[in-house]
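Here the structure comes first, spelled out in structure tokens, and everything after it is commentary.
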Amino acid sequence: MAENIATTFPEYNIKQDELLSKYTFTHTGGPADWLAFPKNVDEVQELVKYAKEHHLPITVLGNASNLIVKDGGIAGLVLILTDMKSIVVHGNTVTADAGAAYIDVTIAARDHSLSGVEFAAGIPGSVGGAVFMNAGAYGGETKNVVSKATVMDRDGEIFELNNEELDFGYRHSSVQDRNLIVLSADFAVTPGDYDTIKAEMDDLNARRAAKQPLDLPSCGSVFKRPKGYFAGKLIHDSGLQGYTSGGAQVSTKHAGFIVNIDNGTATDYLNVIHHVQKVVKEKFGVSLETEVRIIGRDK
């Protein structure tokens, strides 16, 4: 029975009814029925096969940065892959586990005087999340640097997808369409000058710190960029900066962010999102789509 998952795998790090607010960047989210922290691919595979056999839904998370987990939590088994964080540099390739921080990939590349991933110097997500949603910033995108990814399907089968098969688009990849689990990714980088690479990364991080509310919990950029517009400018021009519901607020520093200012809940976040969408649609006729992933049960 699925309810015995913790006793079935006593050597695994598995928690029952664990609040996901402890792990999300927004500090919101209800409990996971079961929450596991696999340490390697074998543990992921065992848990995936067990879940299939016992008809247990699986949700996979990395750094839980560009994510809102609803206040009712998540049914079934949640896997957080942040214990899988190996990064290996070999030649002009950086191979990183899914749970490795994207920022750590950029640091490893820099320290080996390898260029190509500087744009990701401040992206707070994991490698798996970056591949899943083709994370990007400052003109760079994951699709431009990932040569292949090792993935697992929901039957526990492991295989590789090359860049073309990953079918990257704007905040999209075939990993989403095929409900796959990213296990690791190879980043194709090129030899460069350490000082130049470091200067570029430092500059991007300084620009990020100057513009974004990094001192408060948030889910990062909330909305996709609408064609012909910038979401942040539309929200700013709608007079919505500072709009608050419960403990969630449209950032007064960057209108594209919603921050947790006072023990906000996921419901507070969703209320702010829906209000922003409504007002921007009324004022400008533009429908804002969420970039942030919203998952889980209503309370």
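Excluded from the calculations below are hydrogen atoms, water molecules and symmetry mates; all remaining heavy atoms, backbone and side chain alike, are included.
Around NZ of Lys198, the count of heavy atoms belonging to other residues, nucleotides or ligands within 6.0 Å does not exceed 12.
Checked against a 6.0 Å centroid threshold, the rings of Phe168 and His172 do not count as neighbours. Taking the six-membered ring for Trp and the full ring otherwise, Tyr23 and Phe37 have centroids separated by under 6.0 Å. Taking the centre of each ring, Tyr102 and Phe187 come in below the 6.0 Å mark.
The salt bridge (Lys or Arg N to Asp or Glu O under 4.0 Å) analysis of residues 270-288, with sequence neighbours excluded, yields the pairs Lys278-Glu282.
At a cut-off of 3.5 Å, with distance as the only test, no side-chain donor of Asn66 or Arg293 sits close to an acceptor on the other residue.
Ion pairing of Lys148 with Glu160 is present here, as a side-chain N (NZ or NE/NH1/NH2) and a carboxylate O approach within less than 4.0 Å. Ion pairing between a basic and an acidic side chain is recognised when a charged N comes within 4.0 Å of a carboxylate O; Asp97 and Lys85 show no such pairing. In summary, Asp167 and Arg178 do not engage in a salt bridge, as defined by a charged side-chain N under 4.0 Å from a carboxylate O.
Here Glu18 pairs with Lys22 under the salt bridge (Lys or Arg N to Asp or Glu O under 4.0 Å) rule; sequence neighbours left out. Among residues two or more places apart in sequence or in another chain, the side-chain hydrogen bond (donor to acceptor under 3.5 Å, both in side chains) test is passed with Thr28 by Thr26.
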ask   = What do the steps show when you test Arg171 against Glu291 for salt bridge (charged side-chain N to carboxylate O under 4.0 Å, His left out), and what is the final call?
value = CA-CA 7 Å; Arg171 301 298 176 261; Glu291 173 180 312; 3.5 Å; yes

request  = Please assess His90 against Thr95 for the test side chain to side chain donor-acceptor pair (under 3.5 Å), listing each intermediate value before the final yes or no.
outcome  = CA-CA 8 Å; His90 41 106; Thr95 299; 2.7 Å; yes

inquiry  = For a side chain to side chain donor-acceptor pair (under 3.5 Å) check, start with the C-alpha distance between Ser147 and Asp186, then their side-chain angles and the critical distance, and finish with the verdict.
reply    = CA-CA 6 Å; Ser147 56; Asp186 281 8; 4.6 Å; no

inquiry  = Apply side chain to side chain donor-acceptor pair (under 3.5 Å) to residues His254 and Gln212 and explain how you reach the verdict.
reply    = CA-CA 6 Å; His254 189 308; Gln212 298 181 6; 5.2 Å; no

